[in-house]
Protein chains: 2
Amino acid sequence: MGRRTTIIDVAKECGLSQATVARVLNGQKDIQVKEKTRERVLKAAQKVGYRRNALAANFRRQQTNTIAISIADITNPFFPELIKGIQDKMRDCGYSVIQLNNEWNPDIEQEHFQYMVQTCVDGAIISPSHPMTNFDTLETVPFILLTNSDLFSNYDTVGNDSKAGMRIALEHLYGLGHRRIALLVGGSMSSGSSWRRDLFCEFYREKGMSLPANMQVACDFSVSSTASFVQARKSMENFLSQNPLPTAVFASNDILGLATLQVANEKGIQVPEQLSIVGMDGIFSGEVSSPPLTTVKKNRAEIGRMAAQTLIDKIKKPQGWQTKRLVLPCKLLERGSMGPA
Amino acid sequence: MGRRTTIIDVAKECGLSQATVARVLNGQKDIQVKEKTRERVLKAAQKVGYRRNALAANFRRQQTNTIAISIADITNPFFPELIKGIQDKMRDCGYSVIQLNNEWNPDIEQEHFQYMVQTCVDGAIISPSHPMTNFDTLETVPFILLTNSDLFSNYDTVGNDSKAGMRIALEHLYGLGHRRIALLVGGSMSSGSSWRRDLFCEFYREKGMSLPANMQVACDFSVSSTASFVQARKSMENFLSQNPLPTAVFASNDILGLATLQVANEKGIQVPEQLSIVGMDGIFSGEVSSPPLTTVKKNRAEIGRMAAQTLIDKIKKPQGWQTKRLVLPCKLLERGSMGPA
DNA sequence: GTCAACCTTGATAACGTTATCATTTTAGGG
DNA sequence: CCCTAAAATGATAACGTTATCAAGGTTGAC
């Protein structure tokens, strides 16, 4: 009765061996089969309604044509474009994509690694939840990291040059005459916060300016974007009450930048006339604010595509792989929240 | 050499049959095995480092514990929370999730359906790209639709009661004294646009008001959120030049609402003092605008979880399934863009 | 015409699990 | 203590594909 038709049914139908049928229907490109037999097979397959059993093939070849993505949280507006870039490239190359959210929780992340091993994904693209993430549990699963941090310099990584990006923003503000530039960073959990502070101080030093007091704000790091935004609002409500105000704020991501903007708007501080605000990432929300948020844009789709391509290369070249570190530049995206001092 | 350890190795190690070992290690809950043997097996498994080969199991059982989600586009801010809800519930139930973007393109959607059949997903959750989507190509794959449209009343669906939601918004505006309320909808592709217009006209009629001229704006539908936003801006730049202005705008989604808000801000139209704006969906960007956008919120995570649960129920009960249509209410989320007329 | 080299095709053995049925062991009642 | 029923375990056959190697055909040069 309703048994699924197999390669054997096709073989019977066309009077050829199942080996030949397999070569025609599921063979790689290195086929060696006469045009005439190919047609016979195809016709028979059509007739009996053959459909390849992917599970059997996966089992036999011990590969799934599936890769996994491990990120913090798909609802964080930073990630969807990145994911999309990965998906698009992967789909072009015949892979499907399973996406896992670790909610910045290293334990969940480890669970996910376990899962990847269990489920035999062909590879993984990982945005590390944590500077100390242990990748040994991934065993033989090939993986690529989405970061440019020095902390992961032994691994294959694809990331934006955030340092250069931050520098561009600061230089640009300086060029516009800003001398009281403030820095807004997320809390200690965010692995990037310390280098940002370092770079910030160094920038002031380089320019021969002394760093005014009270020019750095750290707000608590939160799992969700909404919570982060609320935290940042609180910090900025306080911060933007001081006198004199800074003339510009560099926020280490757009969510913090948008919080700053909203508070400034509420307080009647004119942006950009009285206060310039520059964010980082280039998320959609920055486009719809009033004024639109000037930002250091990371091309997340491109990062995703490159990570995907790199992973595929790595999967296809199991030995002799050389660690790769790909770095993409950031670009200053001038919208409306930055002006002369 | 480095061969993977199998159930047979475990059996040898502990001197039991592979059947028994399998019962212990991979058996369902209906186990019937003595506690003592269970321990023997577990210990042996540990010793030889057994790890279940999921591919073999999938093949044998002809199921993948994987479900697919088909949506328009993960970069559309409406979707990530929905996806998250699905993922969370599915993960709790031992399923993993593959997410596919059709970019509102019915052809790509059909490709995805093909893929689902091929790849033997256990089920699918689908946000239809199109009112005429053909689901026959899904063959025996059980699926749930994310919609509440009457067009899909023969299928299992989970969706928000958008009509009721829109009505709530209009009533509320009316209650605040608004009599010149405008409607902003996306273009013809959006299957929802016609019922919105109908409901809009009916509302005016019900209230015994005559519908003023020039109170409906349609802007071209675009694939990406950014493009939609730009389109909507164009339409509203024009629309908000008229005299007299409406006192309120109901936008059929937040992106359109935010475009309206941004244009109003640019034109120096005070929101909400001169113009109230209400959107629909409750996306993150509406939280960070100035003022924050009042909106008819859809609980997308909840929709996702319910869809996931319903799909699981359907998968587990192959026969005797009764078509289910789940409808969740929308809530008015008052933020800052709505006030008295 | 022969022989080698190559191109096609065929036969068949895995792959590691689950499921079925048979067999052995245990428990319980008389 | 035996017999029966139930519980626990064992033996083994799939599942449908891919991969390996062997066998058969064809071609072309000498």
Side-chain angles (χ1 to χ4, degrees), chain A residues 1-45 48-66 94 117-120 122, chain B residues 1-45 48-66 94 117-120 122:
Chain A
M1 25 162 300
R3 228 188 78 266
R4 209 171 161 152
T5 64
T6 77
I7 220 171
I8 299 181
D9 300 319
V10 179
K12 275 186 195 145
E13 174 67 28
C14 64
L16 289 162
S17 73
Q18 51 169 312
T20 305
V21 172
R23 270 186 279 259
V24 172
L25 295 175
N26 308 321
Q28 328 286 38
K29 297 298 125 206
D30 60 341
I31 17 162
Q32 38 190 31
V33 45
K34 274 194 181 166
E35 194 50 36
K36 211 159 42 173
T37 55
R38 147 174 254 100
E39 277 167 24
R40 266 169 77 191
V41 170
L42 255 29
K43 202 161 140 188
V48 302
Y50 171 74
R51 182 141 321 138
R52 181 190 205 216
N53 186 326
L55 263 42
N58 285 349
F59 164 52
R60 180 58 234 253
R61 310 179 54 186
Q62 285 295 304
Q63 57 160 42
T64 51
N65 290 318
T66 299
V117 173
Q118 277 274 332
T119 199
C120 305
D122 293 351
Chain B
M1 25 160 295
R3 226 185 81 267
R4 212 172 158 151
T5 65
T6 77
I7 218 171
I8 299 181
D9 300 318
V10 179
K12 276 187 195 141
E13 174 67 29
C14 65
L16 290 162
S17 75
Q18 52 169 312
T20 305
V21 173
R23 269 187 280 259
V24 173
L25 295 176
N26 309 321
Q28 328 287 38
K29 299 297 126 211
D30 61 339
I31 17 161
Q32 36 188 32
V33 45
K34 275 195 178 165
E35 194 49 37
K36 206 157 48 172
T37 56
R38 144 174 257 98
E39 277 166 24
R40 266 170 75 192
V41 170
L42 256 28
K43 200 160 141 189
V48 302
Y50 172 74
R51 180 141 323 137
R52 183 190 204 218
N53 186 327
L55 262 41
N58 286 349
F59 164 53
R60 179 59 234 250
R61 312 179 55 185
Q62 284 296 304
Q63 56 160 39
T64 51
N65 290 317
T66 299
V117 174
Q118 277 274 331
T119 200
C120 304
D122 293 351

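Within every chain, numbering begins at 1; the chains are lettered A, B, ... in the order of the sequence lines, protein sequences first and strands thereafter. Atoms considered below: every heavy atom in the structure, side chains included; atoms not considered: hydrogens, waters and symmetry mates.
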Which whole-number value in Å describes the distance from [X] [atom1] to [N] [atom2]?
X	N	atom1	atom2	answer
A/R52	D/dC15	CZ	C1'	15 Å
A/E35	C/dT9	CD	C1'	16 Å
B/N58	D/dT17	CG	C1'	15 Å
B/L25	C/dG16	CG	P	15 Å
A/D9	D/dG16	CG	C1'	11 Å
B/Q63	D/dC15	CD	C1'	14 Å
B/R61	C/dG16	CZ	P	18 Å
B/K36	C/dT25	NZ	P	14 Å

Next item on the list: For B/T119 and B/T64, run side-chain contact (heavy atoms from CB on, under 4.5 Å): C-alpha distance rounded to whole Å, both residues' side-chain angles, the deciding distance at 0.1 Å, then the answer.
Entry: CA-CA 9 Å; B/T119 200; B/T64 51; 6.0 Å; no
Ignoring backbone atoms, establish whether [X] has a side-chain N or O less than 4.0 Å from OP1 or OP2 of [N].
X	N	result
A/R40	C/dT8	no
A/T37	C/dT8	no
A/T6	D/dC15	no
B/R51	C/dT17	no

Check: So do the side chains of A/L42 and A/V24 get within less than 4.5 Å of each other, counting heavy atoms only?
Finding: yes
Item checked: Student check: side-chain heavy atoms of A/Q18 and A/T6 closer than 4.5 Å -> no
Can you tabulate the close N/O pairs, meaning under 3.5 Å, that link protein atoms to atoms of nucleotides 10-14 of chain D?
| unit_1 | atom_1 | unit_2 | atom_2 | d |
| --- | --- | --- | --- | --- |
| D/dG10 | OP2 | B/S17 | N | 2.8 |
| D/dG10 | OP2 | B/S17 | OG | 3.0 |
| D/dG10 | OP2 | B/T20 | OG1 | 2.6 |
| D/dG10 | N7 | B/R23 | NH2 | 2.9 |
| D/dA14 | N3 | B/R60 | NH1 | 3.1 |

Checklist line | First of B/A54 and B/K34 reached from the 5' end of DNA chain C, by closest nucleotide | finding: B/A54
Note to self: Would you say the base of C/dC15 stacks on A/F59 (centre-to-centre below 5.5 Å, plane angle below 30°)?
What the structure shows: yes
